[in-house]
Amino acid sequence: MESLKYKRVLLKISGEALMGEKNFGIDNNRLASYAMQIKEVVDMGLELAIVVGGGNIFRGIQAEEGGMERTQGDYMGMLATMINCMALQAALEKLELHTRLQSAIEMKTIAEPFIRRKAMRHLEKGRIVIFGSGTGNPFFTTDTAASLRAIEIEAQVILKGTKVDGIYSSDPVKNSDAVKYDTINYREVLQKDLKVMDMTAFTLCNENNLPIIVFDMNTPGNLKKVVMGETIGTLVEANA
Ligand code: GTP
């Protein structure tokens, strides 16, 4: 009998990851492959919440570079996350999974408003809860939204699904002697100035002792390995 290491987790998927090999937008094959991986773990009884980024469609910070006010750009980015969330919801429902989409910015026609207690109830009932619109505030990234929501719903861990297979001592593309960490703690990440998440997100996790696992989500089966406790990717754990 296969067993889960965790009962409730929050999965963060970046917008760029949904692009697959494309330069913009959503790659349907990538979306379908993520949905399959998610089904695998939900079918095992995992309670799963998901935060999706929006960088494949719009990035607030780039808007600022183009002369637009940062806040305006950030709100546009939050709307971009909703497009990804709806696409993911559709892909999951195609596999007959039960989902609920909640938005930090009210858009009642297409999503429930974010209500923490309702999200908890959905999770208890085995529904996948997708959180859209980031935190609903400009100047906060979707990594920060992921940390915040994970803490709110009492997730045991944040799983950061990326295209790299973990955290390295330096950029493995530039340095052939870069080493990958299997486990590292918050203090070491700060001391070594490693990039895991932006500082706001990272601090929230650190202060609330929420572990983060960075892993390669593009390899089918990896999500299942992570939730079963296999050592793939890098685990960032509380300071010893
Ligand atoms: P339980 O109360 O646990 O049974 O949860 P439930 O989500 O099944 O109940 P509810 O009656 O709240 O929702 C029924 C359906 O309506 C679900 O698919 C919800 O996602 C959806 N829904 C609920 N509130 C809203 C909303 O404000 N906007 C939108 N667009 N859909 C909503």
Side-chain angles (χ1 to χ4, degrees), residues 4 6-15 17-18 25-26 28 30-58 60 71-138 140-161 210 217 223 227:
L4 291 166
Y6 306 101
K7 180 165 167 51
R8 179 176 294 174
V9 309
L10 187 138
L11 173 67
K12 162 76 203 304
I13 301 173
S14 73
L18 294 178
I26 299 168
N28 286 325
R30 174 60 55 77
L31 192 63
S33 117
Y34 280 8
M36 277 303 298
Q37 287 204 65
I38 290 167
K39 180 176 166 53
E40 250 186 334
V41 295
V42 171
D43 284 349
M44 291 173 75
L46 185 76
E47 293 183 10
L48 182 70
I50 307 176
V51 168
V52 191
N56 54 327
I57 297 169
F58 196 84
T71 45
Q72 181 86 345
D74 279 351
Y75 281 117
M76 291 167 73
M78 289 178 233
L79 296 183
T81 71
M82 285 302 286
I83 294 176
N84 288 334
C85 287
M86 291 176 74
L88 181 63
Q89 183 177 38
L92 293 171
E93 288 187 342
K94 216 167 149 186
L95 300 178
E96 295 183 349
L97 294 166
H98 298 283
T99 69
R100 293 290 185 268
L101 173 57
Q102 294 200 340
S103 172
I105 297 175
E106 275 207 22
M107 38 186 104
K108 282 197 162 185
T109 321
I110 52 174
E112 295 178 18
F114 169 67
I115 299 170
R116 174 182 172 268
R117 295 169 77 121
K118 209 163 160 107
M120 302 284 268
R121 183 166 159 82
H122 291 324
L123 290 168
E124 283 159 10
K125 289 191 171 181
R127 297 164 182 154
I128 300 166
V129 181
I130 308 171
F131 295 119
S133 307
T135 68
N137 299 291
F140 292 95
T141 62
T142 46
D143 273 356
T144 301
S147 309
L148 176 64
R149 295 291 182 244
I151 295 160
E152 286 185 280
I153 62 162
E154 295 164 17
Q156 291 159 293
V157 64
I158 292 194
L159 309 180
K160 192 170 150 77
L210 180 69
M217 173 102 184
L223 179 61
V227 299

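Both ligands and their constituent atoms are indexed starting at 1 by order of listing.
With hydrogens left out, the protein atom closest to atom 9 (O) of ligand 1 is K118 NZ, 4.4 Å, a heavy atom. Scanning the protein heavy atoms around atom 7 (O) of ligand 1, the nearest turns out to be R100 NE, 2.8 Å. Shortest contact from atom 2 (O) of ligand 1 to any protein heavy atom: R121 NE, 3.8 Å. Protein heavy atom closest to atom 5 (O) of ligand 1, with residue, atom name and distance, is R127 NH1, 3.0 Å. Atom 3 (O) of ligand 1 has as its closest protein heavy atom K125 NZ, 2.8 Å. Summary of contacts: the protein heavy atom closest to atom 19 (C) of ligand 1 is E112 OE2, 3.1 Å.
When the side chain to side chain donor-acceptor pair (under 3.5 Å) test is applied to R116, the partners found at least two apart in sequence or on another chain are E154.
The closest heavy-atom contact to atom 29 (C) of ligand 1, among the options K108, Q89, H122, comes from K108.
The shortest separation from a heavy atom of M107 to ligand 1 is not under 4.0 Å, leaving the residue out of contact.
Every N/O-N/O distance between P113 and ligand 1 stays at or above 3.5 Å.
For atom 14 (C) of ligand 1, the nearest protein heavy atom is 4.0 Å or more away. Checking atom 11 (O) of ligand 1 against the protein gives no heavy-atom contact under 4.0 Å. Distance screen at 4.0 Å: atom 26 (C) of ligand 1 has a protein heavy-atom neighbour inside the cut-off.
When atom types are taken as modelled, the side chain of D74 and the backbone of F140 share no donor-acceptor pair closer than 3.5 angstrom. Remark: side-chain polar atoms of S14 are paired, donor with acceptor, to backbone N or O of A17 under 3.5 angstrom. Formation of a donor-acceptor pair under 3.5 Å by the Q102 side chain with backbone atoms of E112 is not found in this model.
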Tell me, with the steps shown, if R121 and E124 meet salt bridge (Lys or Arg N to Asp or Glu O under 4.0 Å).
CA-CA 5 Å; R121 183 166 159 82; E124 283 159 10; 5.9 Å; no
Report the C-alpha separation of T99 and L88 in whole Å, then their side-chain angles, then the decisive distance to 0.1 Å, and conclude whether the side chain to side chain contact (heavy atoms under 4.5 Å, CB included) test is met.
CA-CA 10 Å; T99 69; L88 181 63; over 6 Å; no
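Short contacts between ligand 1 and T109, defined as distances under 4.0 Å to a heavy atom of the residue, involve ligand atoms 30 (N).
In terms of heavy-atom proximity, G73 sits nearest to F58 at O-CE2, 3.4 Å.
Under a cut-off of 6.0 angstrom, the local environment of CE in M120 is crowded, with over 12 non-hydrogen atoms contributed by other residues, nucleotides or ligands.
Side-chain atoms of T141 and T144 include a donor-acceptor pair closer than 3.5 Å.
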